[in-house]
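Notes for the one structure printed next.
This is a predicted model, so every value here is computed, not measured. Each chain gets a letter, A, B and so on, in the order the sequences are listed, and its residues count up from 1.
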Amino acid sequence: MNIEIKIKNCLKEALESIYQLDLSNQSITLEPTKKEFEGTYTFVVFPFVKLTKQSPDGLAQTLGNSLVKNVEEIISFQVVKGFLNLSLSNRYFLTSLETFRHTENFGISTNEKVMVEFSSPNTNKPLHLGHLRNNFLGDSICRILEAYGYSVVRANLINDRGIHICKSMIAYERWGNNETPESSGLKGDHLVGKYYVWFDKEYKKEIDQLTQNGLSEEEAKKEAPIFKAAQQMLVRWEANDPETVQLWKKMNTWVYQGFNSTYKKIGVHFDHFYYESNTYLLGKDIVEEGLQTNTFYKKEDQSVWIDLTREGLDHKLLLRGDGTSVYITQDLGTAELKFKDFACSKSVYVVGNEQDYHFQVLQAILKKLNKSYADGVYHMSYGMVDLPSGKMKSREGTVVDADDLVQEMIDTAKARTLELGKVEDLSEEQASILFHQLGLGALKYYLLRVDPKKRMLFNPEESIDFQGNTGPFIQYTYARIASIIRKANTMGVDLNDSISITYSLQVEERQVIEELLKYPSKLAEAAGAYAPSSIAAYVYDVAKSYNRFYAECPVFQENKESQLFRLQLSAIVAKTIQRSMLLLGIEVPNKM
RNA sequence: GGUUCCGUAGCUCAGUUGGAUAGAGCAACUGCCUUCUAAGCAGUAGGUCUUUGGUUCGAAUCCAAACGGAAUCACCA
């Protein structure tokens, strides 16, 4: 049985039998003991002081005595100002560690399927820093859910149609001069993005011109010739005009080549792609369904709406008067399609928090329609990545490009490694793998350690750190252990021996074990809260506690029992670091 | 204006259902490489947890109000 539950049960029993209390409805909580005090678990007695009519310290004493008597794992307790701090035995830590070492699956057993939709790029421009946060979060949450026991479908809904796509197409048609990725040497997505920016530049010029001629800014935005040309192109695209479709296909192909190379570089992959060009007409049958059950209503102009005022939301348009669909219509259709395709019990959408309202509406509508999958819809809402200058805007070119940033990180990793003179015995290929691992590790960790919900600031002037609470710090800890293990192997030490349960632990050793044993609950927490950040915080703590141990406790030494234990402990730490970093999509090197 | 989210050290961030003296990293300063990798370890300094009220044994955390910031409230996606 779980030790925490055991202690809680025992506390409850003691309180009930000694003081004749009825605590059946009350839950006992146990907390980790603060670092400055001795002990592993702390029980706060204040809530029971009134009930038992005891003094805080007296109550703590009584309970402590009872625990020591009844729970064999507890060897002693200390009472500090009404806090009952419990110390556990060496034997407990060592047997738990042995169990931990042999456990492979820390999740739950379930056959539930989860779909995670993430990335979902527009095909008119390259990925930027904001997309990286999305991709890393999505990838990490997939890994966490898989480790926890779900089977996961990674989906990418590609935004490959709409007026914004036509903007790049118009600009290319006018000024492209048949430029191709090959002829320009540009990555496909960057080439297309160049024309997207070009469009906007011309568009702005036209707006300026028109406003000087006396039009209001709003009128000018609608009347600008180049904008009208884009609109007309969208109409031609929807009418399947061969020339337009051909251009669209050509440019999309370029973009996908670019995206694929970026995905490969950042180590992200997908099981299934949805394309908006295939799904944008979906959802109309759901509208029909809603009308028939009177969940939706029709206005005089034939537009279809739903009343969500009771849900605390507003009335929402679902179908225009002319019968064409809007964003929410498509999303309703796509939700249905996803469920038909994969029958997942949960459907996670990794989408920015600017769409919070949209997803509230989506879920509310699905619930009103009594869709079985409505409750499983979860919007994993994350904050924007802001620059010191404010929000990133692709159109204005004020973005941190994903490919550039990744390359910059790899270059920094290389420079840093050379500076430290650590590549002598690496082959060129090993070195380049290492720089990639370190650069990407620093970047992923940087973006994932922050609570997803919060918006975060990225300052391009200050490079991302490689010291302190960073990916490379944790990777370094792993590499150090790998080096120790290599030495042990050459000495012929067998690390698979069972751990001695009579070994007497030093403080640093015990603290490392305490950290390790938190892994299962941290995994559960991260899976439940969709929070890679809690894994990042956890693995940092593990690395820190190990580094403290590393500084204080020499591994190779005279005392063979101690040497073997420290080697075993190191190996388990390495495995846990590797496992945890993998949950973040970060690889760990054997040397650095 | 309505709704939602946010406000913690100079900077970037932790802080689980209310608990002890509010924690890390960066930047600054001081020690520690002839023994397993110093991308490390140990330490110093840095705080009115935006403000004010309330709830209680106890509040960064819960409630209310104010101030500041962001997003959203489109027949855009």
Taking the side chain of A/Asn469 as its heavy atoms from C-beta onward, which of B/A77, B/G25, B/C36 lies nearest to it? B/G25
Quick one: stems involving RNA chain B, counted as three or more successive Watson-Crick or G-U pairs, both distances short of 3.5 Å. B:1-7 with B:67-73, B:10-13 with B:23-26, B:28-32 with B:40-44, B:50-54 with B:62-66
From the candidates B/A20, B/C41, B/C73, the one with an atom nearest any side-chain atom of A/Arg548 is B/C41
Between A/Lys454 and B/G7, does any side-chain N or O lie under 4.0 Å from OP1 or OP2? yes
Determine whether a donor-acceptor pair (one donor, one acceptor, N or O, separation below 3.5 Å) exists between the side chain of A/Thr477 and the base of B/A39. no
Could you tell me whether the phosphate oxygens of B/A39, OP1 or OP2, come under 4.0 Å of any side-chain nitrogen or oxygen in A/Tyr476? yes
Using a distance-only criterion (donor-acceptor N/O pair, under 3.5 Å, no hydrogens), is the base of B/C5 paired with the side chain of A/Asp356? no
P spacing across the pair B/A65 / B/C73, given as an integer number of angstrom: 25 Å
Go through it in stages, so that I can follow the logic: the residues are A/Tyr19 and A/Leu51, the test is side chain to side chain contact (heavy atoms under 4.5 Å, CB included), and I'd like the CA-CA distance, side-chain angles, deciding distance and then a yes or no. CA-CA 9 Å; A/Tyr19 300 104; A/Leu51 286 171; over 6 Å; no
Establish, with yes or no, whether the OP1 or OP2 oxygen of B/U16 is under 4.0 angstrom from a side-chain nitrogen or oxygen of A/Lys518. no
Does B/C13 have OP1 or OP2 sitting under 4.0 Å from an N or O in the side chain of A/Tyr540? no
Using a strict cut-off of less than 4.0 Å between a Lys/Arg side-chain nitrogen and an Asp/Glu carboxylate oxygen, indicate whether A/Arg510 and A/Glu514 qualify as a salt bridge. yes
Side-chain ion pair, A/Lys222 and A/Glu219, N-O less than 4.0 Å: no
Taking atom C1' in both B/U44 and B/A60, compute the distance separating them and give it to the nearest angstrom. 26 Å
Tell me whether the OP1 or OP2 atom of B/C57 has a side-chain N or O from A/Lys50 closer than 4.0 Å. yes
Does A/Phe83 lie flat on the base of B/A20, that is, centres under 5.5 Å apart and planes under 30° off? yes
Mark yes or no for a side-chain to base donor-acceptor pair under 3.5 Å between A/Thr42 and B/A20, with no hydrogen or angle criteria applied. yes
For the pair A/Lys544 and A/Glu515, find out whether any cationic side-chain nitrogen is under 4.0 Å from an anionic carboxylate oxygen. no
Using centres under 5.5 Å plus planes under 30 degrees as the test, is A/Phe37 stacked with B/A20? yes
Please determine whether any donor N or O and acceptor N or O are separated by less than 3.5 Å between the side chain of A/Lys591 and the base of B/U37. no
Short side-chain N/O contact from A/Asn547 to OP1 or OP2 of B/C41, under 4.0 Å: yes
Between B/A38 and A/Arg480, is there an OP1 or OP2 to side-chain N/O distance shorter than 4.0 Å? yes
In whole angstroms, the gap separating C1' of B/A74 from CZ of A/Arg320 amounts to 10 Å
Output the rounded distance in Å from CG (A/Leu448) to P (B/A14). 12 Å
Please work out if A/Thr417 contacts a base, only the sugar-phosphate, or nothing of the nucleic acid, heavy-atom cut-off 4.0 Å. base
For the side chain of A/Gln475 and the backbone of A/Gln437, is there at least one donor-acceptor N/O pair under 3.5 Å apart? yes
Tell me if the side-chain of A/Asn124 makes a donor-acceptor pair with the base of B/A77, cut-off 3.5 Å, by modelled atom types. no
Closer to the 5' end of RNA chain B via nearest nucleotide, is it A/Phe556 or A/Ile163? A/Phe556
Measure the distance from CD1 on A/Ile586 to P on B/A39 and round it to the nearest whole Å. 19 Å
